[in-house]
Structure formats: structure tokens, C-alpha cells
S.K.: 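A single structure is presented below for examination.
All ligand and atom numbering here is 1-based and tracks the order in the structure. When reading the values below, keep in mind they use all heavy atoms of this one structure, side chains included, and skip hydrogens, waters and symmetry mates.
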Amino acid sequence: GEETSKRARPDNAPSPASAPRSLSVRRQLYDRHFPVYKQPVEVGHFSLDSGRNFFSDARQLRYYAAPRRSPGFDLRDGYRDRFVKRDDGVKERLDHVLRWILANRSKVECRDGARALGVDFVTWRGHLTKLLTTPYETQEGWLLAVSKLDGTLYISEVETEDARRNRENRTERHEEMMYWGYKFEQYACADDPHGSPDPDGVVNTNEAFCTVVQTRLSEHKLLFSGEVDCRDRNPSAPPPPACYIELKTSAEIHTPKQRSNFHRYKLLKWWAQSFLPGVPQIVAGFRDHDGKVVSVETFQTSGISHLIKNEYNCWKPTVCMNFCSDFLSFVKTVVRVDDSRLVYLFSWDPHRDVSYSIHRDSEYTFLPDWYIKEMSR
Ligand code: 0WD
Ligand code: CA
């Protein structure tokens, strides 16, 4: 069985010569039957406060307060005087997810009898979103660092040179437009189920509520966390994650070309992000060039794949999921050595294959000592 074959190759043995060196991203290879993707189960949640402090509770969870169909929200309001922006130069890597694991070990499935976690992969939802959209991505590559600890593979993104350059050279207009999404959240969310939104308050992007879900993609058991904007305020709504609602903003659509681009690019990202944790609804605020929300529309995550079927040569959910599944299989064949100081750095650039390099005790090492120490107790 599986256990015997694992024991036959000690965990510290070098990678077998047969391990492939790269993984193709060609869409045709992944256009096959939809893989098993188990209904994601929320195993917990956590909150990050205005100072980016971790709490193993739901204090930052907000409640959806449905806007009118054409609310006229001014997304520019408060950008100068009521905005506290998270320092995105600070790399938190997997730290908050690891803190949640340490505080909630009993809630994570264990490998039979052992102290090890009973999952194959631990990561952020956002990293998986990038994997899902890779077969269709033509602009931005990625770097994913992977380390194995007690049989579990941890995946943590590393910022690419291009991404860092883009971040450091954002225009003032782009900086302001990044604020618009958070401002829309403030207009559409209340702090308690019976309350109303407070558009006069401060927008602080340090604050976050994150769900932690467990699921399985093909033979890969996954534990990941994703930020959730709000939930249905009705207490009889289905249990999480089915009561969660994702909020988005997007430029209003005037022409067939704009609609086609929205279907081809934006809906792919929106679908991938919400499908992964099982968030069923996406509320979109369409805004004009001046940051005024001209219309609000709700999308069912499960309906998005039907919406796009009229687009010629459009993206397919099955290609996204099969690519992700095959990438995770590739990671399992490559990352054999169980050593948190070793990082296997998987890299991908548009129009290329996925490849990897191996680094010991480098700048890429990301599992913190406090986690390794506590996990070995
Ligand atoms: O590279 C990343 N995406 C990293 C994210 C690296 C390390 C940490 N994080 C964490 C942050 O702590 C953040 O709280 O990611 C958390 C969100 O995780 P996620 O859900 O896996 O990320 P993603 O699905 O990409 O983004 C969800 C939301 C975004 O909403 P929109 O509607 O724009 O997709 O999380 C927010 C953003 O509102 N967000 C962030 N907030 C603060 N810092 C960040 C970030 N780096 N990235 C996304
Ligand atoms: Ca959002």
C-alpha cells in the first residue's frame, strides 16, 4: 500500500532520478473530466485587527447590508483623510495560518495516531487561485516556495522581481483605485447583524477576517485560509462557508468588447477565488472612471461557468482544476526531503513550463522556528 512504498524510500533520500524537471502548462493537457473537489468544510477562522494582530476568533467578521441597485457610492471619499493602508512591503508569508494551526491543532485532522497533520498541503487560498488561473495567464508569473515538515507540504508565495517593481512603481491613480475595493466593502458591510454600514469611518486594510477550510482535490488533502469580506446577516443562512459573500468592484461595461474582456479575464479570477473555499455569491459594484458605483449585481459562483459559455475560446474550470491537481502531484514527486530548512522554489513565467530549484538555509526559508518547535512537541 501507500505507507509501504513511503517507507521503502526513507524521507531523507535524494529525489529519484526519475522525478520530472518541469511541468507543462499547455491547456489541452488539462482539458479532461472535472477532478474530484470535495465540498470545502470550514474548520475554523481567525481575525487580524487594525494593528495586524492575530486573534483566533471572528471579531472582524462583517455582515452584508445589501446596497440599492444603483447606489451612487463615492469610492474616492476618504482616500486622503480616512485611510490606513497595510504595509505590503512586510512579508507575512504563512505566519497567520501557522498561528491558527498551533492554536487549533485538535480541529485539524491528524494522520492516524501521529502528531503530524493529516493534510498534504497547507497554504493561502490566494496561492491556489494563482495556480488555477495559470493555464490562462499571459502577464504575470509566480514563485512558490515549498517545504516539507512531518509529511505536510507548506506552500508560500515569494514576490517576483516584476511584482516588486510594479508594487514600487504604482501610479498615484493606481494606488487610489486599489482603495476603491475596500471603500466599497465599507459601504456594503456592517459590524453586526442588525447594524448599518458606516461610510464616515476609517478604512483600515490591516483588518481581516479569514476562514480556514479543509477539502480534497483529487488525491490531495488541502488546508488553506482565505480572507472573507462578509456573511449573510440572516442567522438562518447556511453554515460557513456557504453564508459568506465576496465583494468586488469593476469598471462599468459599455461595449461588447468590454463585456467579452470581463468574461474572459475578470470572471476567471473571481470564479477561481470563490470556488476554492466554497463561497457561493459574489456581489459586484460596477463603477465609473470617477469612482461612482453605478450598479450592483450579484453573481452565483456556480453560475459563472455557464455565463461564459458563449465566449469563443474561453477559459474552462476543468482546465484550471486539473492543472492545479497535476501541479500538486508534481510538487509531491519533487519535494521528497522532509526538512523545513530546505526550500524547493517552483517558478513559472508566461509561455514557459513550471520549473524548480532547491535552496538550503536561504532567504526563501519560511517556516518559522516558533512553529517547528511547537509542532515537534
Ligand atoms: O501574496 C499574497 N496574496 C499574500 C497574502 C502573502 C502573504 C499573506 N497574505 C495574506 C494577507 O494576510 C491577507 O490578509 O493574504 C490574506 C488574504 O489571503 P487570500 O484570501 O489567500 O488572498 P487573496 O484571495 O489573494 O485575496 C483576498 C482578499 C483581497 O480581496 P480582493 O477582492 O481584492 O481579491 O484579501 C485582500 C484583498 O482584499 N488581500 C490582502 N490584504 C492585505 N494584504 C492582501 C495582502 N497582501 N492580498 C489580498
Ligand atoms: Ca473582495
S.K.: Kindly state if atom 47 (N) of ligand 1 has a protein heavy atom within a strict 4.0 Å cut-off, that is, under 4.0 Å?
M.R.: no
S.K.: Is Leu247 in contact with ligand 1, taking contact as a heavy-atom separation below 4.0 Å?
M.R.: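 So Leu247 counts as touching ligand 1.
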S.K.: Any donor-acceptor pair under 3.5 Å linking the side-chain atoms of Gln281 with those of Tyr244?
M.R.: no
S.K.: So, are Lys332 and Asp120 salt-bridged, with charged N and O less than 4.0 Å apart?
M.R.: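 A salt bridge is present here (some side-chain N lies under 4.0 Å from a carboxylate O).
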S.K.: Is it possible for you to say whether Leu276 and Leu217 belong to one hydrophobic cluster, with membership spreading through side-chain heavy-atom contacts below 4.5 Å?
M.R.: yes
S.K.: Which heavy atom of the protein is the closest neighbour of atom 18 (O) of ligand 1, given with residue, atom name and distance?
M.R.: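 Of every protein heavy atom, Trp124 CE3, 3.4 Å lies nearest to atom 18 (O) of ligand 1.
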S.K.: Protein heavy atoms near atom 5 (C) of ligand 1, is at least one of them under 4.0 angstrom away?
M.R.: no
S.K.: Any nitrogen or oxygen of Gly226, side chain or backbone, less than 3.5 Å from one on ligand 1?
M.R.: no
S.K.: So which of the N, O or S atoms of Glu246 lies nearest the Ca ion (ligand 2)?
M.R.: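 When I compare the N, O and S atoms of Glu246, OE2 is nearest to the Ca ion (ligand 2).
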S.K.: Checking a contact table here: which protein heavy atom is nearest atom 37 (C) of ligand 1, and how many Å away?
M.R.: Tyr182 OH, 3.6 Å
S.K.: Just checking, is any N or O donor in the side chain of Lys130 or His127 under 3.5 Å from an acceptor N or O on the other one?
M.R.: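 No donor-acceptor contact under 3.5 Å links the two side chains.
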S.K.: Given the protein's heavy atoms, is any one of them under 4.0 Å from atom 29 (C) of ligand 1?
M.R.: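 False for atom 29 (C) of ligand 1.
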S.K.: Any idea which part of Lys248 is under 4.0 Å from ligand 1, heavy-atom wise: side chain, backbone, both or neither?
M.R.: side chain
S.K.: Please test Asn204 against Phe83 for side chain to side chain contact (heavy atoms under 4.5 Å, CB included), starting from the C-alpha separation and ending with a verdict.
M.R.: CA-CA 6 Å; Asn204 186 324; Phe83 178 29; over 6 Å; no
S.K.: Before signing off on this row, confirm whether His96 and ligand 1 have an N or O atom pair separated by under 3.5 Å.
M.R.: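 No, since none of the N or O atoms of His96 sits under 3.5 Å from an N or O of ligand 1.
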S.K.: When you draw lines from the Ca ion (ligand 2) to OD2 of Asp229 and to O of Leu247, what angle lies between them, to the nearest 10°?
M.R.: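 Between OD2 of Asp229 and O of Leu247, at the Ca ion (ligand 2), the angle is about 80°.
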S.K.: Below 4.0 Å from any atom of ligand 1, is there a heavy atom belonging to Ser225?
M.R.: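 Contact present.
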S.K.: Are Arg82 and Asp77 ion-paired here, with the side-chain N under 4.0 Å from a carboxylate O?
M.R.: yes
S.K.: Among Glu159, Glu157, Arg93, which one has a heavy atom closest to atom 7 (C) of ligand 1?
M.R.: Arg93
S.K.: In terms of residue, atom name and distance, what is the protein heavy atom nearest to atom 21 (O) of ligand 1?
M.R.: Gly126 N, 2.6 Å
S.K.: Cut-off 3.5 Å, side chains only: do Ser56 and Asn104 have a donor facing an acceptor?
M.R.: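 Yes, a side-chain donor-acceptor pair sits under 3.5 Å.
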S.K.: Identify, by atom number and element, the atoms of ligand 1 in contact range of Gln273, meaning under 4.0 Å from any of its heavy atoms.
M.R.: 23 (P), 24 (O), 26 (O), 27 (C), 34 (O)
S.K.: When you look for heavy atoms under 4.0 Å from ligand 1, do you find them on the side chain of Arg125, its backbone, both, or neither?
M.R.: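 Both of them.
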S.K.: Under a 4.0 Å N-O cut-off, is there an ion pair linking Glu175 with Arg170?
M.R.: yes
S.K.: How about Trp315 and Tyr30: are their ring centres within less than 6.0 Å of each other?
M.R.: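 No - the distance between ring centres of Trp315 and Tyr30 does not fall below the 6.0 Å cut-off.
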S.K.: Are there protein heavy-atom neighbours of atom 42 (C) of ligand 1 below 4.0 Å?
M.R.: yes
S.K.: Taking the six-membered ring for Trp and the full ring for Phe, Tyr or His, determine whether the centres of Phe184 and Phe286 are under 6.0 Å apart.
M.R.: no
S.K.: Looking only at distances, can you tell me whether any N or O atom of Asp229, backbone or side chain, sits closer than 3.5 Å to an N or O atom of ligand 1?
M.R.: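 N/O-N/O distance under 3.5 Å: no.
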S.K.: Please check whether Thr205 reaches ligand 1 - meaning an N/O of the residue sits under 3.5 Å from an N/O of the ligand, judged on distance alone.
M.R.: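 No: no nitrogen or oxygen of Thr205 is under 3.5 Å from one in ligand 1.
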S.K.: Is His127 close to ligand 1, meaning an N/O of one under 3.5 Å from an N/O of the other?
M.R.: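 Between His127 and ligand 1 (N or O atoms, distance only) the closest approach is not under 3.5 Å.
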S.K.: Quick check on contacts: which atoms of ligand 1 are under 4.0 angstrom from a heavy atom of Glu92?
M.R.: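 Under 4.0 Å from Glu92, ligand 1 has these atoms: 12 (O).
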S.K.: Please list, in number order, the atoms of ligand 1 under 4.0 Å from a heavy atom of Glu246.
M.R.: 32 (O)
S.K.: Can you see whether Thr134 engages Trp142 through a side-chain donor-acceptor pair at a distance of less than 3.5 angstrom?
M.R.: yes
S.K.: Taking the six-membered ring for Trp, are Phe327 and Phe346 ring centroids under 6.0 Å apart?
M.R.: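 Yes: the rings meet the under 6.0 Å criterion.
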S.K.: Please check if the distance between the ring centroids of Phe55 and Phe46 is under 6.0 Å.
M.R.: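 No, the ring centres sit 6.0 Å or more apart.
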S.K.: Is Phe224 close enough to touch ligand 1? Criterion: a residue heavy atom under 4.0 Å from a ligand atom.
M.R.: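 Contact absent.
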S.K.: Out of Glu227, Arg86, Arg52, Lys91, who is nearest to atom 11 (C) of ligand 1 when you count heavy atoms only?
M.R.: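 Selected option, by shortest heavy-atom distance: Arg52.
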S.K.: Yes or no on side chain to side chain donor-acceptor pair (under 3.5 Å) for Ser329 and His220, after CA distance, side-chain angles and deciding distance?
M.R.: CA-CA 8 Å; Ser329 300; His220 311 299; 3.0 Å; yes
